2 protein chains.
Amino acid sequence: MPVARAGVTAERLTRAAAELADEVGFANLTVSALARRFGVKDASLYSHVRNLRELKERVAVLALAEVADRAASALAGRAGKDALVAFANAYRDYAREHPGRYAAMQFPLDPETAEASAARRHSELTRAILRGYQLPEPDQTDAVRLLHSAFYGYVSLEAMGGFGHHPRESDVSWSRSLDALDVVLRNWPGAG
Amino acid sequence: MPVARAGVTAERLTRAAAELADEVGFANLTVSALARRFGVKDASLYSHVRNLRELKERVAVLALAEVADRAASALAGRAGKDALVAFANAYRDYAREHPGRYAAMQFPLDPETAEASAARRHSELTRAILRGYQLPEPDQTDAVRLLHSAFYGYVSLEAMGGFGHHPRESDVSWSRSLDALDVVLRNWPGAG
DNA sequence: GCATTACCCTAGGAGCCCTAGGTAGAGGGA
DNA sequence: TCCCTCTACCTAGGGCTCCTAGGGTAATGC
């Protein structure tokens, strides 16, 4: 049972790293800055975390779990287009509230870590959306990928200012895009 | 007229940086590594490029121009779904051939540089795809954003291994997703 | 009360970005 | 031909980063 002397724990380190990433950007998340935030020398952190890579992995895993939680509760009790919209908004809202954590989700995890993380829950949740649309299995996988791509792409491009600086209009386009995705799920092109 | 003594020019520097980025990843593009590649000390590069940021911007601008060129020639003489598929494949193929340059396109450019770059051509080209689908103006903008998001998202997720490691299946899902996008463009949900 | 544990430290090496100031060779002008 | 200038490249060096090695000290467990 590890005892905290200046309050540094792998757990608290990860949470603080996530907050720091949200403030300065995931790419600027640094061991030195994190140590500074704890009033501690950077070398001291290496007792709790193997290296910067592991720290970033921890933030990524945290973010994946948080998003999965939000998505799950957004999906609860909804079906069809309702579920689609709720899921997509949960995803987008999280990215806007926690840009650093969102960026962390792109961080490449080694297969073991990914398996142990909530990455799997994500595909399952995305699949749950499709339950209301009655898609047969091979099409379901394709649809999951398209949805995931569209959500991820839209949120990323929006975050990096890819749509010009019209936040209001971007909201409208977002709704319209969700309408469009609903249409395509109801009229998924048959195999062949 | 600048004279080359060891062959270092802003031009050649940019091209070499793009190649280096493709090899080691855009995030690992470094002034030192680039200097090493030219058999020169890192400090020497600062006569040609202001700093690392400018170097990355140059690579981003180069990549945007190259992609726009490919997209333009893919679009030539095509319309409707043909155009959609050709454009999307040009985009995806470029990302696979030049992952570093592709990542560079995400690099945030300041507004002036973005304006001077090929970023504008990109929206115009994406809009050109829609010409065959006869969408009225407010919907057109939304559709451009959805298409861009889906292409960008799919290619990014694929590149970072987000779809598991089934390259063949990923090709199939890609075609299916393009089919689906074609469907949604032909049945775009009316305003309201 | 004492040994163990683990938390945090200092010291230091290596790599990176970038600035300041110096040297050598190519080009043009007298 | 000689010199002057311009510039491509250099060395020196400061600051920040990641990370390792090894030491001190306080709290825990007996």
Side-chain angles (χ1 to χ4, degrees), chain A residues 1-61 100 103-104 106-110 113, chain B residues 1-61 100 103-104 106-110 113:
Chain A
M1 213 173 290
V3 177
R5 194 142 87 191
V8 179
T9 314
E11 197 77 13
R12 295 189 53 190
L13 221 47
T14 304
R15 305 200 66 80
E19 288 168 20
L20 183 57
D22 284 337
E23 293 168 23
V24 303
F26 185 69
N28 300 325
L29 172 59
T30 185
V31 175
S32 310
L34 189 57
R36 240 174 272 132
R37 175 156 299 203
F38 274 89
V40 150
K41 297 296 175 185
D42 57 343
S44 304
L45 297 194
Y46 288 89
S47 326
H48 304 282
V49 168
R50 200 197 312 271
N51 51 27
L52 178 62
R53 168 162 189 81
E54 192 190 275
L55 183 68
K56 290 187 167 181
E57 279 178 354
R58 280 173 181 276
V59 175
V61 170
Q106 309 175 225
F107 191 71
L109 299 174
D110 51 301
T113 314
Chain B
M1 212 172 293
V3 177
R5 197 142 84 188
V8 179
T9 314
E11 196 76 14
R12 297 189 51 190
L13 222 48
T14 305
R15 304 201 66 81
E19 288 168 19
L20 183 57
D22 284 338
E23 292 168 22
V24 303
F26 185 69
N28 300 324
L29 173 58
T30 184
V31 175
S32 310
L34 189 58
R36 238 173 274 132
R37 176 158 299 205
F38 274 89
V40 151
K41 297 295 174 186
D42 57 344
S44 304
L45 297 194
Y46 289 88
S47 327
H48 305 281
V49 169
R50 201 196 312 273
N51 50 28
L52 178 61
R53 170 166 186 78
E54 192 190 277
L55 183 67
K56 289 187 168 183
E57 279 179 355
R58 280 173 182 277
V59 175
V61 170
Q106 309 175 225
F107 191 71
L109 299 175
D110 51 301
T113 314

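Worth knowing before you read on, the calculation uses all heavy atoms, side chains too, and leaves out hydrogens, waters and symmetry mates. Everything numeric here is computed off the predicted structure, so don't read it as measured data. Reminder, nothing fancy here: chain letters follow the sequence lines and each chain counts from 1.
When rounded to the nearest whole Å, the span between CZ of A:Phe38 and C1' of C:dC9 equals 17 Å. If you take NZ of B:Lys41 and C1' of C:dG22, they are 16 Å apart, rounded to a whole angstrom. Atom NZ of A:Lys56 is separated from atom C1' of D:dT17 by 12 Å (rounded to the nearest Å). Rounded to whole Å, the distance from CD on A:Glu54 to P on D:dC18 is 14 Å. Straight-line distance from the CG atom of A:Leu55 to the C1' atom of D:dC18: 12 Å, rounded to whole Å. When rounded to the nearest whole Å, the span between CG of A:Leu34 and P of C:dC8 equals 13 Å.
Atom CZ of B:Arg53 has more than 12 heavy atoms from other residues, nucleotides or ligands within 6.0 Å.
For the side-chain contact (heavy atoms from CB on, under 4.5 Å) test, residues two or more places apart in sequence or in another chain that qualify with B:Ser32 are B:Thr30, B:Arg36, B:Asp42. The side-chain contact (heavy atoms from CB on, under 4.5 Å) test applied to A:Val49 returns A:Leu13, A:Glu54, A:Leu55, A:Arg58, not counting sequence neighbours. In this view, A:Glu11 and A:Thr9 satisfy the side-chain contact (heavy atoms from CB on, under 4.5 Å) rule, not counting sequence neighbours.
Nearest heavy atom pair, residue B:Ala35 against residue B:Leu45, reads N-CD1, 3.7 Å. Shown here for A:Ala104 and A:Ala60, the closest heavy-atom pair between the two residues is O-CB, 3.3 Å.
Between C:dA6 and A:His48, no contact under 4.0 Å exists linking OP1 or OP2 to a side-chain N or O. Note on A:Ser44: a side-chain N or O is less than 4.0 Å away from OP1 or OP2 of C:dC9.
Atom NZ of B:Lys56 is separated from atom OG1 of B:Thr14 by 14.0 Å, given to the nearest 0.5 angstrom.
Heavy-atom distances under 4.0 Å link DNA chain C to no residue of residues 14-27 of chain B.
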Atom pairs and distances, side-chain donor-acceptor, residues 17-26 of chain B, under 3.5 Å, sequence neighbours left out:
from, atom 1, to, atom 2, distance (Å)
B:Asp22, OD1, B:Gly100, N, 2.9
B:Asp22, OD1, B:Arg101, N, 2.9
B:Asp22, OD2, B:His98, ND1, 2.9
B:Asp22, OD2, B:Arg101, NH1, 2.4
B:Glu23, OE1, B:Arg37, NH2, 2.9
B:Glu23, OE2, B:Arg37, NH1, 3.4

When you check every protein heavy atom under 4.0 Å of nucleotides 13-19 of chain C, what one-letter string (B, S, -) results, 5' to 3'?
---SBBB
